[in-house]
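To start, the structure itself, in structure tokens.
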Amino acid sequence: MDTEAQHTERDPSSDTDPSGPEEGSRSALVPDGSGREEPAEPEEPVADEERGPGSSWRRTALVGGACVTFLLLLSHFVIQPFLIPSGSMEPTLQVGDRILVNKLAYRFGNEPARGDVVVFDGTGSFVEEQPRGNPVTGLLHDGAAALGLAEPDETDFVKRVVGTGGDRVVCCDKDGRLTVNGVPVEERYVMLGDRPSSVPFDIVVPPDRLWVMGDHRSQSSDSRDHLGSAGGGMVPVDRVVGRADWIAWPFGRWSTVPGTDAFAAVPAPPAGGHGAGAHG
């Protein structure tokens, strides 16, 4: 094996006055293994148009597509942004708030509890099943809504859980308060000046259902407005999308959704159910 260092030679055209400007051409002579030295091929310069803006745009598009795909997957399985379109949950949630809905909150055996603010699909309970429209338009809207860039579907609602399966919810007692399982509830989250309800009711929530109400009672269309419908205003637990845990936008309202201890003293419903006088 030849262990000598490779030599390079300059052709005669490079023998110029070192003090003057260089002229001529230079080539490297590299041994080819047979004793002869062959001139090395000069490297071809990469033209700017070959790198070009096209490849940069492609990279940008790929990165952007990957980011959107990641956000859609995150929104579908973990956390979904949700735009608040109305004042039915004031003062807790304001019009234009973008909340983050925790879709894992009820995935591992947990169920919605009294006082939770939840997002749910009201199809079959708050609204009737609607025929599907243009699938392309629907897909684009769903994608924008999933990223919190568009208003949610007309079948999606955000309300507070007031009663769970087996609870007897009554409004109102002699002091004008809502009661759950016979215990008055001090609803400090209700909009200042609103009564707990202007519509009297006395209901027992069926198993695996929820009785939900908005915090701005005078501006909220909730379970009270659907007492006479097929579902009796009760929301199936399996229709709950998730729990509203954070307010992400605007930045001035960036915080967790306030919790409540209003139901802390409410007992579990009796094992044998509630007595006569209660109805669902």
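Only a predicted model underlies this, so the values are computations on that prediction, with no experimental measurement involved. In this chain, residues are counted from 1 in sequence order.
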| query | Nearest heavy-atom pair of I99 and A244: which atoms, and what distance? | reply | CD1-CB, 3.7 Å

| Hey, is the main chain of D194 close enough, under 3.5 Å, to the side chain of H216 for a donor-acceptor pair? | no

| message | Any heavy-atom pair between the side chains of I79 and K103 that's under 4.5 Å? | response | no

| task | Report the residues that fulfil side-chain contact (heavy atoms from CB on, under 4.5 Å) with T164, sequence neighbours left out, ordered by chain and then residue number. | result | R114, V161, D167, L210

| request: With rounding to the nearest 0.5 Å, note down the distance linking CG in L93 to CZ in R98. | output: 13.5 Å

| pair L227-I203: side-chain heavy atoms closer than 4.5 Å | yes

| task | Is it possible for you to say whether V162 and V170 belong to one hydrophobic cluster, with membership spreading through side-chain heavy-atom contacts below 4.5 Å? | result | no

| request: Check salt bridge (Lys or Arg N to Asp or Glu O under 4.0 Å) between R160 and all other residues, then give those that pass, not counting sequence neighbours. | output: D215

| Do any N or O atoms from the side chain of S88 and from the backbone of G214 form a donor-acceptor pair under 3.5 angstrom? | no

| said: Could you work out, with side-chain contact (heavy atoms from CB on, under 4.5 Å) as the rule, every residue matching D173, not counting sequence neighbours? | reply: D175, R177, T179, P184

| 4.5 Å side-chain heavy-atom contact, S223 and M234 | no

| request: Before giving the answer on side chain to side chain contact (heavy atoms under 4.5 Å, CB included), spell out for V266 and V185 the whole-Å C-alpha distance, their side-chain angles and the decisive distance to 0.1 Å. | output: CA-CA 8 Å; V266 174; V185 179; 4.2 Å; yes

| field | Qualifying side-chain hydrogen bond (donor to acceptor under 3.5 Å, both in side chains) pairs with a residue from residues 224-235, counting only residues at least two apart or across chains | value | S197-R224, D222-R224

| Going through the distances and angles, do I247 and T256 end up as a side chain to side chain contact (heavy atoms under 4.5 Å, CB included)? | CA-CA 6 Å; I247 300 172; T256 58; over 6 Å; no

| Close side-chain approach of V119 and V240, heavy atoms under 4.5 Å | no

| task | Please go through F251's hydrophobic cluster and name the other residues, only I, L, V, M, F, W, Y counting, with side-chain heavy atoms under 4.5 Å joining them. | result | W249, W254

| remark: What one should report as the nearest heavy-atom pair of D121 and V241 is N-CG2, 4.3 Å

| query | Under 4.5 Å between any side-chain heavy atoms of I84 and V95, yes or no? | reply | no

| Of all heavy-atom pairs between A248 and L100, which one has the smallest distance, and what is that distance? | CB-CG, 3.8 Å

| field | Distance-minimising heavy-atom pair for P236 and R209 | value | CG-NH1, 3.5 Å

| task | Establish, yes or no, whether a centroid distance under 6.0 Å links the rings of F201 and W211. | result | yes

| task | Anything under 30° is parallel, anything over 60° is perpendicular, the rest tilted; go ahead and classify F263 against Y189. | result | parallel

| note | All heavy atoms of M89 vs all of M213, minimum pair found to be SD-O, 4.3 Å

| query | Do any pairs count as a ring-ring contact (aromatic ring centres under 6.0 Å, His included) and have a residue in residues 158-187, sequence neighbours left out, and if so which ones? | reply | none

| said: Taking salt bridge (Lys or Arg N to Asp or Glu O under 4.0 Å) as the definition, give me every residue that meets it alongside E111, ordered by chain and number, with sequence neighbours left out. | reply: none

| field | Which atom of P196 lies closest to which atom of C171, heavy atoms considered | value | CB-SG, 3.9 Å

| query | Between S125 and V235, is there a donor-acceptor pair closer than 3.5 Å when you use the side chain of the first and the backbone of the second? | reply | no

| Joint hydrophobic cluster, M191 plus V117, side-chain heavy atoms closer than 4.5 Å | no

| task | Sequence neighbours left out, what passes salt bridge (Lys or Arg N to Asp or Glu O under 4.0 Å) with E187? Give chain and number order. | result | R217

| task | Let me see the working for D208 and D238 under side chain to side chain contact (heavy atoms under 4.5 Å, CB included), right down to the final yes or no. | result | CA-CA 8 Å; D208 300 319; D238 60 9; over 6 Å; no

| request: State which residues pass side-chain hydrogen bond (donor to acceptor under 3.5 Å, both in side chains) with D116; sequence neighbours excluded, sorted by chain then number. | output: Y106

| field | By side-chain contact (heavy atoms from CB on, under 4.5 Å) - contacts of P250 (at least two apart) | value | D97, R253

| task | Would you list the pairs meeting salt bridge (charged side-chain N to carboxylate O under 4.0 Å, His left out) in which at least one residue belongs to residues 254-270, sequence neighbours left out? | result | none

| request: Without swapping roles, check the side chain of N181 against the backbone of P267 for a donor-acceptor pair under 3.5 Å. | output: yes

| By side-chain contact (heavy atoms from CB on, under 4.5 Å) - contacts of A105 (at least two apart) | N102, R243

